[in-house]
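Encoded as structure tokens, the structure appears first; notes follow it.
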Protein chains: 2
Amino acid sequence: MPKKEINPEYLTCPIRQVIARFGDKWSMLVLYTLAENSTGVMRFSELHAHMNDCSQKMLSKTLKSLLDSHLVDRKVYPEVPPRVEYGLTDTGKSLIPAIDTLIAWAKEHFDAVVRP
Amino acid sequence: MPKKEINPEYLTCPIRQVIARFGDKWSMLVLYTLAENSTGVMRFSELHAHMNDCSQKMLSKTLKSLLDSHLVDRKVYPEVPPRVEYGLTDTGKSLIPAIDTLIAWAKEHFDAVVRP
DNA sequence: CGGAATCCAGGAGGATACTG
DNA sequence: CAGTATCCTCCTGGATTCCG
């Protein structure tokens, strides 16, 4: 059964798409962590080390979602032990300035926002 | 019992603060809706009409959270029937450019991200 | 090493009804 | 009008264990 009369325009609403795709707890952090890494690519465990407040289950899930959104790509090396590297796609890279803007804002207004 | 060894630096990590405060489903949308409104202030029902895919419970909750983060202010008029107006604080207004950047990105890269 | 599978608690979020 | 209150469902996300 249909839940309600929702404005169909919402389906193509850009901000809703943004939130739906990386408005979760970890996506932005993954993108940002990859972006600030000098080599451009990181292994799973390396990524995890940089954000150890994220469980590997969630990291794995987040990466999969970012892969689906074509923001991150994944390269598997046929070695033993296996090696997998994650990096930003061009689309992913294009998002970084927007994230930087957000972070810059956060740094500047941290006190104003967090104060009791 | 302590859950785990989490890097204490994370507590003041700007991006984590951003996500914690309006990385939810509706906060950005409220901020954006208020920002694009010409008068600068909106009543509860007016806001709700602009985002009818959000229940009023969640709208109310989201507004409260934004009030707590000093991004939105609330003005009550002692009338019958009651009138309450929401608007952006200066801090809230300062966030708009960052959100605009994000939306601009979303518009430009919508197809690249959403494609199957 | 890089995950997947399982189990589980808590919170997000929706629907509806009610109130000052 | 502007919310609360209540109930309920499902997803998020953590902990742990297992696999190629």
Side-chain angles (χ1 to χ4, degrees), chain A residues 1-7 10 16 19-30 33-34 37 39 41-69 72-87, chain B residues 1-7 10 16 19-30 33-34 37 39 41-69 72-87:
Chain A
M1 54 238 147
K3 312 179 70 169
K4 199 182 178 181
E5 290 293 344
I6 301 292
N7 189 335
Y10 291 165
R16 284 178 171 81
I19 294 169
R21 299 201 171 254
F22 41 92
D24 63 287
K25 201 172 175 184
W26 303 112
S27 291
M28 277 213 194
L29 203 51
V30 167
T33 305
L34 284 174
N37 183 272
T39 69
V41 292
M42 294 177 80
R43 304 181 62 166
F44 187 91
S45 52
E46 195 177 353
L47 213 37
H48 194 205
H50 279 259
M51 28 191 292
N52 77 13
D53 50 345
C54 174
S55 67
Q56 37 72 305
K57 166 181 158 185
M58 288 317 298
L59 179 54
S60 156
K61 209 168 162 183
T62 303
L63 285 168
K64 207 168 296 179
S65 146
L66 292 173
L67 287 168
D68 288 344
S69 297
V72 162
D73 54 20
R74 181 188 134 109
K75 191 166 182 184
V76 183
Y77 296 85
E79 305 174 354
V80 178
R83 180 158 59 106
V84 180
E85 287 181 346
Y86 293 91
Chain B
M1 54 236 149
K3 311 180 69 171
K4 198 182 182 182
E5 290 292 344
I6 302 292
N7 189 334
Y10 292 164
R16 285 179 171 78
I19 294 167
R21 299 199 171 255
F22 42 91
D24 63 285
K25 199 171 172 185
W26 303 112
S27 291
M28 277 213 195
L29 203 51
V30 167
T33 305
L34 284 174
N37 182 272
T39 68
V41 292
M42 293 177 82
R43 306 179 62 165
F44 187 90
S45 52
E46 197 177 354
L47 213 37
H48 193 204
H50 279 259
M51 27 191 294
N52 77 11
D53 49 346
C54 174
S55 68
Q56 34 70 308
K57 168 181 157 184
M58 288 316 297
L59 180 54
S60 157
K61 209 169 163 182
T62 303
L63 285 168
K64 209 169 293 178
S65 146
L66 292 174
L67 286 167
D68 287 346
S69 296
V72 161
D73 54 20
R74 182 187 132 108
K75 191 166 183 184
V76 183
Y77 295 85
E79 305 174 353
V80 177
R83 179 156 60 107
V84 180
E85 287 181 347
Y86 293 92

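Lettering of chains follows the sequences in order, A, B, ..., and the numbering in each one begins at 1. None of these values were measured; they are calculated from a predicted model.
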Within this structure, what is the [atom1]-to-[atom2] distance between [X] and [N], rounded to whole angstrom?
X        : N       : atom1 : atom2 : value
Lys57(A) : dA5(C)  : NZ    : C1'   : 10 Å
Asp53(B) : dG14(C) : CG    : C1'   : 12 Å
Lys64(A) : dG13(D) : NZ    : P     : 15 Å
Leu63(B) : dG3(D)  : CG    : P     : 7 Å
Lys75(B) : dG3(D)  : NZ    : C1'   : 20 Å
Leu59(B) : dG14(C) : CG    : P     : 11 Å
Arg83(A) : dG2(C)  : CZ    : P     : 9 Å

Give the angle between the helix axes at the two ends of the helix from dC1(C)-dG20(D) to dG20(C)-dC1(D), taking five base pairs at each end and rounding to 10°.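 Axis-to-axis angle, ends of the helix: 50°.
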Distance, nearest 0.5 Å, that separates SG of Cys54(B) from NZ of Lys61(B):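 Going from the SG atom of Cys54(B) to the NZ atom of Lys61(B) covers 11.0 Å.
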Could you check Pro81(A) against Lys61(A) and say which one's nearest nucleotide on DNA chain C is further toward the 5' end? Pro81(A)
Side-chain touch Val84(B)/Arg43(B), heavy atoms, less than 4.5 angstrom: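 When only atoms from C-beta onward are counted, Arg43(B) and Val84(B) do not touch, as no gap falls below 4.5 Å.
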Short heteroatom pairs, N/O only, protein and nucleotides 17-20 of chain C, under 3.5 Å:
unit_1	atom_1	unit_2	atom_2	d
dA17(C)	N6	Gln56(B)	NE2	3.4

How would you label the contact of Tyr86(A) with the nucleic acid (heavy atoms, under 4.0 Å): base, sugar-phosphate, or nothing? sugar-phosphate
